[in-house]
Amino acid sequence: MDSFHQILLDWYHQQKRNLPWRNTKNPYLIWLSEVILQQTRVNQGLSYYVRFASTWPDVSSLAASHEDEVLKMWQGLGYYSRARNLHEAAKQIVEKYDGLFPSDMDELLNIKGIGEYTAAAIASIAFGKAVAVVDGNVYRVLSRLFAVETPVNGKGAKEVFASLAAEMLYTADPGTYNQAIMEFGALQCVPKKPNCPKCPLNARCLAFSRKQSAYFPVKIPKKNVTERFFNYLIILTKDSPINKVHIRKRHGNDIWKGLFEFPLIETTGLCSFNELSTMDQWKRLTGNQKYLFLGQSTTYKHRLTHRLIHARFFIIQTDKKLDLANDFNLSLVDQNELGKYAFPRLIDKFLIETDGLNKVIN
DNA sequence: TAGCCGTGGGC
DNA sequence: TGCCCAAGGCT
């Protein structure tokens with residue numbers, strides 16, 4: 001065994017975290033964990049993994065569920081296309097492969113939501129195939145070890161690091177090696193202020209020998225975030241004894257597709273209710289119905305990776321369901337059943353702060 | 001293909 | 001506080 005492999009694997013066996021998906025080679029569970037961990041830290045995804053694996057212990061049970069259930073279980077984890085693709089992929093695997101995961105890279109790559117990284121992870125960890133994973137950790141570790149000047153987020157980076165990763169792969173146990181190098185990146189070769197003096201690989205690390213561990217990996221600066229202004233309308237009806245509220249499901253190619261929200265008017269800047277209620281969108285929504293304005297929330301700032309959303313919630317009461325609700329795909333649901341629906345974190349926070357709207361109704 | 005898609009933690 | 005970053009994939 002190459003001493004690099006020896007050092008890395010020794011480190012891994014001593015330092016690795018004990019995580020539930022490390023006690024199995026079940027491709028379904030490996031796949032589930034890999035999708036949950038895409039762009040997500042272990043600490044954030046762990047409880048989701050436990051709930052998914054417990055609710056849907058195999059691919060056929062997941063395939064038999066409804067997409068709305070999967071999205072509800074995914075609520076709060078972000079990147080919701082992962083949840084929609086997870087469900088679609090489960091159906092795909094049941095139909096095309098009789099519920100048995102393929103081990104071939106090309107077949108894995110044809111499954112929804114499985115790209116180069118996830119295919120390599122499943123093939124190596126669950127099936128022992130000699131393919132190298134290339135994730136953010138691998139980029140960082142390799143770029144430091146070899147002082148790679150290629151920007152990791154630039155053109156051609158994928159090829160450069162994939163080929164380097166393939167050279168470094170420990171083919172006698174690719175699954176363990178892949179997990180080891182990722183764990184090494186997550187715990188030892190961390191993005192900020194790595195503890196290089198105590199690193200077992202520092203004698204072989206070009207970045208360390210040049211005192212440049214902070215310089216690598218080289219990155220191209222990202223563009224600034226653009227701002228959006230969301231005005232949510234909490235349109236209540238005073239049906240006794242249960243209050244009802246209008247919600248709708250998001251469609252199209254915008255953020256949070258498949259999740260639910262309150263009727264939304266997007267503007268180009270912050271907006272008062274007086275301004276909002278004279279807009280065409282508002283008039284189309286309400287028709288000529290009478291309503292009572294009960295007040296508005298503070299402005300919420302919700303930062304996404306390259307969006308900053310300014311959101312306000314306006315509370316309105318009508319005496320009955322909006323006449324034009326169907327035209328806007330609005331449903332009228334019981335206030336106490338809002339918890340059944342998957343909402344984006346922004347709205348969920350508002351619902352938590354208002355105790356499920358109780359505090360805005362009085 | 002470069003831009004898009006969420007959220008929470010750390011400093 | 002504001003910014004960076006994290007076991008990526010899709011179009």
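The shown structure was predicted, so the numbers you read here are calculated from the model rather than taken from an experiment. Letters A, B, ... are given to chains in the order of the sequence lines, protein chains preceding strands, and every chain is numbered from 1.
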Taking only N and O in the side chain of [X], is any of them less than 4.0 Å away from OP1 or OP2 of [N]?
{"X": "Trp256(A)", "N": "dC4(B)", "value": "no"}
{"X": "His306(A)", "N": "dG3(B)", "value": "no"}
{"X": "Arg307(A)", "N": "dC5(B)", "value": "yes"}

Of all the nucleotides listed (dG6(B), dG9(B), dC5(B)), which has the minimum atom distance to the side chain of Arg41(A)?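 Nucleotide nearest to Arg41(A)'s side chain: dG9(B).
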Examine Phe313(A) together with Tyr300(A) and report whether their ring centres are nearer than 6.0 Å.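 That pair passes the under 6.0 Å test.
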Touch class at under 4.0 angstrom, heavy-atom based, for [X] against every strand present:
{"X": "Ile255(A)", "result": "sugar-phosphate"}
{"X": "Trp31(A)", "result": "nothing"}
{"X": "Asn253(A)", "result": "nothing"}
{"X": "Arg22(A)", "result": "base"}
{"X": "Ser33(A)", "result": "nothing"}
{"X": "Gly185(A)", "result": "nothing"}

With DNA chain C as reference, determine whether Thr305(A) or Ile111(A) sits nearer its 5' end, using the nearest nucleotide of each.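 Its nearest nucleotide lies further toward 5', so the answer is Thr305(A).
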Using the closest heavy atom to pick a nucleotide of DNA chain C for each, name whichever of Gln44(A) or Glu116(A) lands nearer the 5' end.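 The residue closer to the strand's 5' end, by nearest nucleotide, is Gln44(A).
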Distance between [atom1] atoms of [N] and [M] (Å, rounded):
{"N": "dT1(B)", "M": "dC10(C)", "atom1": "C1'", "result": "12 Å"}
{"N": "dG3(B)", "M": "dA7(C)", "atom1": "P", "result": "23 Å"}
{"N": "dG8(B)", "M": "dT1(C)", "atom1": "C1'", "result": "16 Å"}
{"N": "dT7(B)", "M": "dT11(C)", "atom1": "C1'", "result": "23 Å"}
{"N": "dA6(C)", "M": "dG6(B)", "atom1": "C1'", "result": "12 Å"}

Take the protein atom [atom1] of [X] and the nucleotide atom [atom2] of [N], then report the distance between them rounded to whole Å.
{"X": "Asn85(A)", "N": "dG6(B)", "atom1": "CG", "atom2": "P", "result": "12 Å"}
{"X": "Arg345(A)", "N": "dG9(B)", "atom1": "CZ", "atom2": "C1'", "result": "13 Å"}
{"X": "Ile36(A)", "N": "dT7(B)", "atom1": "CD1", "atom2": "C1'", "result": "14 Å"}
{"X": "Asn153(A)", "N": "dC4(B)", "atom1": "CG", "atom2": "C1'", "result": "15 Å"}
{"X": "Leu346(A)", "N": "dC5(B)", "atom1": "CG", "atom2": "C1'", "result": "16 Å"}
{"X": "Leu308(A)", "N": "dC5(B)", "atom1": "CG", "atom2": "P", "result": "13 Å"}
{"X": "Arg228(A)", "N": "dC5(B)", "atom1": "CZ", "atom2": "P", "result": "7 Å"}
{"X": "Arg303(A)", "N": "dC5(B)", "atom1": "CZ", "atom2": "P", "result": "15 Å"}

Could you check Lys192(A) against Arg82(A) and say which one's nearest nucleotide on DNA chain B is further toward the 5' end?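 Mapping each residue to its closest nucleotide by heavy atoms, the 5'-most match is Arg82(A).
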Please tell me which of Lys193(A) and Lys257(A) maps to the more 5' nucleotide of DNA chain B, matching each residue to the nucleotide holding its nearest heavy atom. Lys257(A)
Flag for [Y]-[X]: side-chain donor and acceptor within less than 3.5 Å:
{"X": "Gln38(A)", "Y": "Thr118(A)", "answer": "yes"}
{"X": "Arg248(A)", "Y": "Ser331(A)", "answer": "no"}
{"X": "Thr268(A)", "Y": "Arg228(A)", "answer": "no"}
{"X": "Tyr117(A)", "Y": "Glu34(A)", "answer": "yes"}
{"X": "Ser297(A)", "Y": "Arg312(A)", "answer": "no"}

Taking heavy atoms of chain A and a 4.0 Å limit, find me the 5'-most and 3'-most nucleotide of DNA chain C within that range. dC4(C) to dC10(C)
Over all atoms of both residues, closest heavy-atom pair of Ala165(A) and Ala132(A):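 Looking at all heavy atoms of both residues, the shortest contact is O-CB, 3.6 Å.
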Taking side chain to side chain contact (heavy atoms under 4.5 Å, CB included) as the test, write out the residues that go with Ser103(A), two or more places apart. Phe127(A), Lys129(A)
Contact list for residues 22-55 of chain A, test ring pair (Phe, Tyr, Trp, His ring centres under 6.0 Å), sequence neighbours left out: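 Residue pairs passing ring pair (Phe, Tyr, Trp, His ring centres under 6.0 Å), neighbours aside: Trp21(A)-Tyr49(A), Tyr28(A)-Trp31(A), Trp31(A)-Phe101(A), Phe52(A)-Trp56(A), Phe52(A)-Trp74(A).
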